[in-house]
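Below is one structure, written out as structure tokens; the observations come after it.
Heavy-atom basis, side chains included; hydrogens, waters and symmetry copies ignored.
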Amino acid sequence: MRLSVIGCGHLGIPHAAAMAELGHEVIGVDVNQAKVDRLNAGSCPIYEAGLPELLARHTASGSLRFTTSIREAADFADLHFIGVGTPIDADGRSYDTAQVYGAIRQLAPHLNRPCTIVGKSTVTVGTTSQITALAQRLAPAGTSVDVVWNPEFLREGHAVEDTLRPDRIIAGVTTIEGEKAVRAVYAPILDTGVPLFVTDPPTAELAKGAANTFLGLKISYINAVADMCQAAGGDISQIVGILGIDPRIGSGGMRPGLGYGGGCLPKDIRAFTASARQLGADQAAALLRAAEEINESRTDVAMGLITQALAGRPVQGARATVWGAAFKPGTNDVRESPALALAHALRQAGAHVTVHDPQAVATAMVRNPEFDYTDDLAASVDGADLIVLATEWPEYQQADPQALVDRPADPLLVDCRTTLNPDPWRTAGWSVHQLGRPGK
């Protein structure tokens with residue numbers, strides 16, 4: 001393919017060289033003539049492992065060249081990467097996207113044929129839709145110009161390696177043509193088995209911030225624990241090893257929902273927070289308390305989703321069935337169960353609540369006799385105004401939505417564990433609402 005890379009800095013130069021390494025013809029664009037001259041001579045103005053050799057090889061072969069003319073790039077390429085800088089704004093809290101918009105304003109008037117713009121810069125959510133409107137308004141090709149957001153996950157010092165052998169590629173697209181263009185440009189990488197996540201643009205935009213924020217939280221967390229170790233005489237290196245071997249600290253457990261419960265985790269987090277305060281590690285305590293506050297808010301979040309799902313119908317007087325009483329699947333333990341906390345909130349709002357659980361009905365009845373209970377999944381749906389999935393038991397994931405659809409008064413399912421595949425339920429006629437996921 002013929003590609004352009006607009007913006008030749010720590011992102012653009014490695015990306016341009018890596019695309020040439022994949023076999024594409026690449027033109028890089030930068031406003032700095034001295035930098036362009038140096039790059040065309042095969043000399044790299046930044047250092048990244050492997051980049052000088054890559055740049056020299058592909059500029060010498062002619063598969064990679066640089067220019068200050070954006071018109072030349074528009075005439076040459078069918079796909080345009082945007083890799084300009086997005087520094088922190090003057091307010092210290094947001095991105096300065098002036099260079100992104102500036103690049104589009106300069107490029108778009110020269111786009112006379114169908115093409116794809118692929119944004120790689122880190123931007124605020126919502127930018128893609130604004131860029132698309134701007135590009136299509138200014139481009140002679142109009143709506144034949146596609147915009148895709150493809151955030152980078154490069155580590156400085158490993159930019160070439162991370163571009164050629166990434167652990168994932170994300171493409172926020174709005175058209176089939178945009179997805180096809182991304183698949184074509186990254187085909188040599190995808191053929192090695194690297195996963196491609198095809199999303200909508202807001203998801204792609206949020207993914208980069210979410211990844212970095214999570215990394216920042218991990219770093220802040222372990223620094224906070226290090227402060228506690230310093231005060232208590234503990235060994236942070238051993239704690240790092242102990243935590244790192246736990247598979248839940250990978251992707252496991254990262255499912256939006258009602259939060260944690262049970263007899264151990266809430267208690268341990270409270271005690272650990274108290275220890276942080278006692279040891280004088282105030283920032284650690286504040287960080288831990290923030291995690292508690294988020295967890296404590298999940299019932300309110302779920303009630304908001306339920307209210308939204310009811311679409312104007314009152315919670316008061318509604319017949320609500322809560323699927324789940326145990327704090328998690330595989331146990332009948334209902335101590336500090338988020339499911340029962342939600343059942344309480346529904347009851348306090350005036351709903352008539354029935355609780356179903358494959359294993360925990362008996363223990364729940366002892367602690368919470370105020371609810372109606374049933375062991376029969378089908379019977380739990382009879383006459384209900386809404387079903388609320390509150391514990392991610394496999395029995396609910398494996399339930400037949402078609403067999404259940406005629407039993408409620410109105411087949412409305414609110415999945416507060418984000419655990420179901422909503423498609424078969426919707427196909428069967430259910431209205432399905434999930435935390436953190438769009439659609440009905």
Side-chain angles (χ1 to χ4, degrees), residues 206 210 213-214 216-218 220-221 224-225 243 246-274 276 284-309 315 320-349 351 353 355-360 363-364 367-368 371 386-397 413-420 422 432-438:
L206 287 166
T213 301
F214 189 72
L217 285 170
K218 290 182 76 171
S220 296
Y221 175 77
V225 177
L243 296 181
D246 190 332
R248 296 170 300 173
I249 298 179
S251 60
M254 287 199 295
R255 179 184 292 126
L258 289 173
Y260 55 74
C264 293
L265 200 55
K267 174 185 69 177
D268 291 347
I269 291 175
R270 290 176 193 134
F272 202 58
T273 304
L287 178 63
L288 293 166
R289 179 58 193 146
E292 287 186 77
E293 290 173 346
I294 291 170
N295 197 61
E296 291 163 1
S297 73
R298 302 314 293 167
T299 297
D300 292 338
V301 171
M303 285 297 293
L305 180 66
I306 289 167
T307 301
Q308 177 185 340
V315 176
T321 293
V322 176
W323 278 356
F327 82 93
K328 68 175 183 178
T331 181
N332 67 346
D333 192 347
V334 298
R335 291 177 294 172
E336 298 208 34
S337 167
L340 292 178
L342 181 56
H344 272 292
L346 284 164
R347 186 170 183 269
Q348 289 172 357
V353 179
V355 177
H356 173 275
D357 192 282
Q359 298 293 333
T363 51
R367 286 177 173 262
N368 301 102
F371 302 126
L386 74 153
I387 313 300
V388 181
L389 196 161
T391 307
E392 58 271 36
W393 283 96
E395 284 83 349
Y396 304 138
Q397 299 174 47
L413 175 60
V414 181
D415 178 7
C416 292
R417 288 293 185 178
T418 322
T419 189
L420 292 179
V432 180
H433 298 255
Q434 294 178 302
L435 286 169
R437 298 184 70 179

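Between R270 and E336 there is a salt bridge, with a side-chain nitrogen of the basic residue lying less than 4.0 Å from a carboxylate oxygen of the acidic one.
Side chains of M303 and L346 form a contact here, defined as non-hydrogen atoms less than 4.5 Å apart. Two residues are said to be in side-chain contact when any heavy atoms from C-beta on lie closer than 4.5 Å; V315 and T307 meet this criterion.
Considering CG of L305 and CG of D300, their distance stands at 12.5 Å, rounded to 0.5 Å. Once rounded to the nearest 0.5 Å, the distance linking CD of E395 with NE2 of H356 reads 8.0 Å. Between L340 atom CG and T391 atom OG1 the span is 7.5 Å, to the nearest 0.5 Å. Annotation: the span from R367 atom CZ to S337 atom OG amounts to 10.0 Å, rounded to 0.5 Å. Separation of atoms CG (L342) and OG1 (T299) is listed at 6.0 Å; rounding is to 0.5 Å. Within the model, atoms CG of L287 and CD of E292 stand 11.0 Å from one another, a figure rounded to the nearest 0.5 Å.
R347 contributes no side-chain N or O that, together with a main-chain N or O of V353, makes up a donor-acceptor pair within less than 3.5 Å. No donor-acceptor distance shorter than 3.5 angstrom exists from the side chain of Y396 to the backbone of L420, with no hydrogens or angles considered. With hydrogens and angles ignored, the 3.5 Å screen pairs no side-chain donor or acceptor of R335 with any backbone N or O of G262. Remark: the backbone N or O of H433 is not paired with any side-chain donor or acceptor of D415 at under 3.5 angstrom. For the pair N295 (side chain) and Y260 (backbone), a donor-acceptor distance under 3.5 Å is present.
Here the closest non-hydrogen pair linking A276 and L288 is CB-CD1, 4.4 Å. When all heavy atoms of V334 and A325 are compared, the pair lying nearest together is CG1-O, 3.5 Å. Across every non-hydrogen atom of A390 and L258, the tightest pair is O-CD1, 3.6 Å. The minimum heavy-atom distance linking P338 with G259 is given by the pair CG-O, 3.7 Å. Here the shortest heavy-atom pairing between A224 and A284 reads CB-CB, 3.4 Å. Residue P329 comes nearest to P394 through the heavy atom pair CB-CD, 4.3 Å, listed as atom of the first residue, atom of the second, then distance.
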Self-check item: Evaluation steps, side-chain contact (heavy atoms from CB on, under 4.5 Å), between T419 and W393
Solution: CA-CA 9 Å; T419 189; W393 283 96; over 6 Å; no

Quiz item: After noting the C-alpha distance and the side-chain angles of V414 and L389, does the key distance pass the side-chain contact (heavy atoms from CB on, under 4.5 Å) rule?
Solution: CA-CA 6 Å; V414 181; L389 196 161; over 6 Å; no

Quiz item: For R298 and E293, what are the C-alpha separation, side-chain angles and deciding distance, and is it a salt bridge (Lys or Arg N to Asp or Glu O under 4.0 Å)?
Solution: CA-CA 9 Å; R298 302 314 293 167; E293 290 173 346; over 6 Å; no

Practice problem: Take W323 and D357, measure what side-chain contact (heavy atoms from CB on, under 4.5 Å) needs, and give me the verdict at the end. | Solution: CA-CA 6 Å; W323 278 356; D357 192 282; over 6 Å; no

Exercise. Using the side-chain contact (heavy atoms from CB on, under 4.5 Å) rule, take V388 and T321 through it: C-alpha gap first, then chi angles, then the decisive distance, then the call.
Key: CA-CA 6 Å; V388 181; T321 293; over 6 Å; no

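With hydrogens and angles left out, the side-chain atoms of T331 and Q359 include no donor and acceptor closer than 3.5 Å.
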